[in-house]
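Atoms considered below: every heavy atom in the structure, side chains included; atoms not considered: hydrogens, waters and symmetry mates. The residues of the chain are indexed from 1 along the displayed sequence.
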Amino acid sequence: QGQLVESGGGSVQAGGSLRLSCAASRYVYRWSCMGWFRQAPGKEREGVASIYTGLGRTYSADSVKGRFTISQDNAKNTVYLQMNSLKPEDTAMYYCAAYSGGCRPRWNVVGDFDYWGQGTQVTVSL
């Protein structure tokens with residue numbers, strides 16, 4: 001059974017916005033580092049943003065700073081990724097991931113994350 005379920009992907013034009021959601025089981029959500037990763041065809045999976053659900057501490061990649069915002073809703077055990085000013089290079093499959101921990105010292109290493117969602121496609125066109 002899925003511990004993480006993503007939704008919210010789609011196709012938009014450059015400059016547009018999308019919001020991704022990741023619903024987690026309560027067991028996975030609490031006191032966890034929950035992150036968003038993305039993988040474009042032919043490229044390695046890379047960390048986009050993470051949040052430590054225990055304190056709301058956030059981390060993000062330089063490539064998305066000022067455009068993407070990660071947030072949480074404790075009542076819904078859900079993490080969001082608000083993506084604004086989207087660019088064609090943001091096109092990728094986006095994955096939600098989680099591990100029990102505080103996102104320190106690392107927030108974006110694929111091997112640290114124990115739980116993964118099925119992915120949701122984001123396509124940005126000119």
Side-chain angles (χ1 to χ4, degrees):
Q1 65 280 17
Q3 302 279 9
L4 301 173
V5 179
E6 302 110 329
S7 61
S11 297
V12 294
Q13 289 190 319
S17 298
L18 285 172
R19 188 177 79 156
L20 306 183
S21 299
C22 175
S25 66
R26 188 168 182 271
Y27 170 79
V28 171
Y29 180 84
R30 291 192 68 188
W31 306 106
S32 289
C33 181
M34 292 191 65
W36 287 98
F37 290 76
R38 65 186 180 187
Q39 188 167 21
K43 294 190 176 182
E44 291 189 356
R45 193 169 295 190
E46 64 173 354
V48 176
S50 288
I51 187 167
Y52 173 43
T53 61
L55 295 175
R57 200 166 51 217
T58 63
Y59 309 80
S60 60
D62 289 342
S63 60
V64 304
K65 275 188 169 69
R67 301 189 298 124
F68 293 10
T69 302
I70 189 169
S71 62
Q72 64 186 105
D73 184 333
N74 292 336
K76 297 181 179 180
N77 296 335
T78 297
V79 169
Y80 302 97
L81 185 68
Q82 178 66 44
M83 304 186 294
N84 299 328
S85 301
L86 282 161
K87 305 175 181 180
E89 50 263 44
D90 294 320
T91 295
M93 184 72 79
Y94 282 70
Y95 297 91
C96 179
Y99 74 88
S100 180
C103 297
R104 288 182 174 176
R106 308 188 301 188
W107 64 268
N108 60 347
V109 176
V110 171
D112 288 346
F113 288 77
D114 299 314
Y115 301 95
W116 290 85
Q118 79 285 358
T120 185
Q121 178 67 37
V122 171
T123 302
V124 184
S125 58
L126 288 170

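Put simply, the side chain of Thr53 gets close to the backbone of Ser32: a donor and an acceptor are under 3.5 Å apart. Glu6 places a side-chain N or O within 3.5 Å of a backbone atom of Gln118 that can act as its donor or acceptor partner. Side-chain atoms of Gln39 never come within 3.5 Å of backbone atoms of Glu44 as a donor-acceptor pair (strictly under, hydrogens ignored). The backbone N or O of Arg104 lies less than 3.5 Å from no partner atom in the side chain of Trp107, so there is not a single donor-acceptor pair. Using modelled atom types, no side-chain atom of Thr69 and backbone atom of Gln82 make a donor-acceptor pair closer than 3.5 Å.
In this model, a donor atom of one side chain and an acceptor atom of the other lie less than 3.5 Å apart for Gln3 and Ser25. Side chains of Tyr59 and Arg106: a donor-acceptor N/O pair is absent below 3.5 angstrom, by distance only. If you check the side chains of Asp73 and Thr78, you find no donor sitting under 3.5 Å from an acceptor.
Within a 6.0 Å radius of CD in Glu89, more than 12 heavy atoms belonging to other residues, nucleotides or ligands are found. Within 6.0 Å of CZ on Arg57 lie more than 12 heavy atoms contributed by other residues, nucleotides or ligands. Within a 6.0 Å sphere centred on CG of Leu126, other residues, nucleotides and ligands contribute 12 heavy atoms or fewer.
Note: the hydrophobic cluster containing Val64 also contains Val122 (ILVMFWY, side chain heavy atoms under 4.5 Å, direct or indirect links). No continuous path of ILVMFWY side-chain contacts below 4.5 Å connects Tyr80 to Phe68, so the two sit in separate hydrophobic clusters. Follow the hydrophobic side-chain contacts under 4.5 Å out from Tyr27 and you reach Leu4 in the same cluster.
The minimum heavy-atom distance linking Ala40 with Thr91 is given by the pair CB-O, 3.8 Å. Closest non-hydrogen pair, Met34 versus Ala24, comes out as CE-CB, 4.0 Å. Taking both residues in full, the closest heavy atoms of Ser21 and Trp36 are given as O-CH2, 3.6 Å, listed atom of the first, atom of the second, then distance. Of all heavy-atom pairs spanning Gly35 and Ser50, the tightest one is CA-OG, 3.3 Å. Pairing each heavy atom of Asp90 with each of Ser85, the nearest pair is OD2-O, 4.4 Å.
Between the OG atom in Ser60 and the CD1 atom in Ile70 there is a gap of 9.0 Å [rounded to 0.5 Å]. The distance from the SG atom of Cys22 to the OH atom of Tyr95 is 13.5 Å, given to the nearest 0.5 Å. Here the straight-line distance linking atom SG of Cys103 with atom CZ of Phe113 works out to 6.0 Å at 0.5 Å rounding. For the atom pair OG (Ser100) and CG (Asp114), the distance works out to 8.0 Å, reported to the nearest 0.5 Å. Atom CG of Leu18 sits about 9.0 Å away from atom OH of Tyr94, to the nearest 0.5 Å. Note that the CE atom of Met93 and the CZ atom of Arg38 stand 14.0 Å from one another [nearest 0.5 Å].
Of the residues listed (Leu20, Val5, Leu81), the one engaging Thr120 in a side chain to side chain contact (heavy atoms under 4.5 Å, CB included) is Leu20, and it is the only one.
Figure legend: cation-pi geometry between Arg45 and Phe37 absent, as NZ or CZ is not positioned both under 6.0 Å from the six-membered ring centre and within 45° of its axis.
Listed by chain and number, the residues in a salt bridge (charged side-chain N to carboxylate O under 4.0 Å, His left out) with Lys65 are Asp62 (sequence neighbours excluded).
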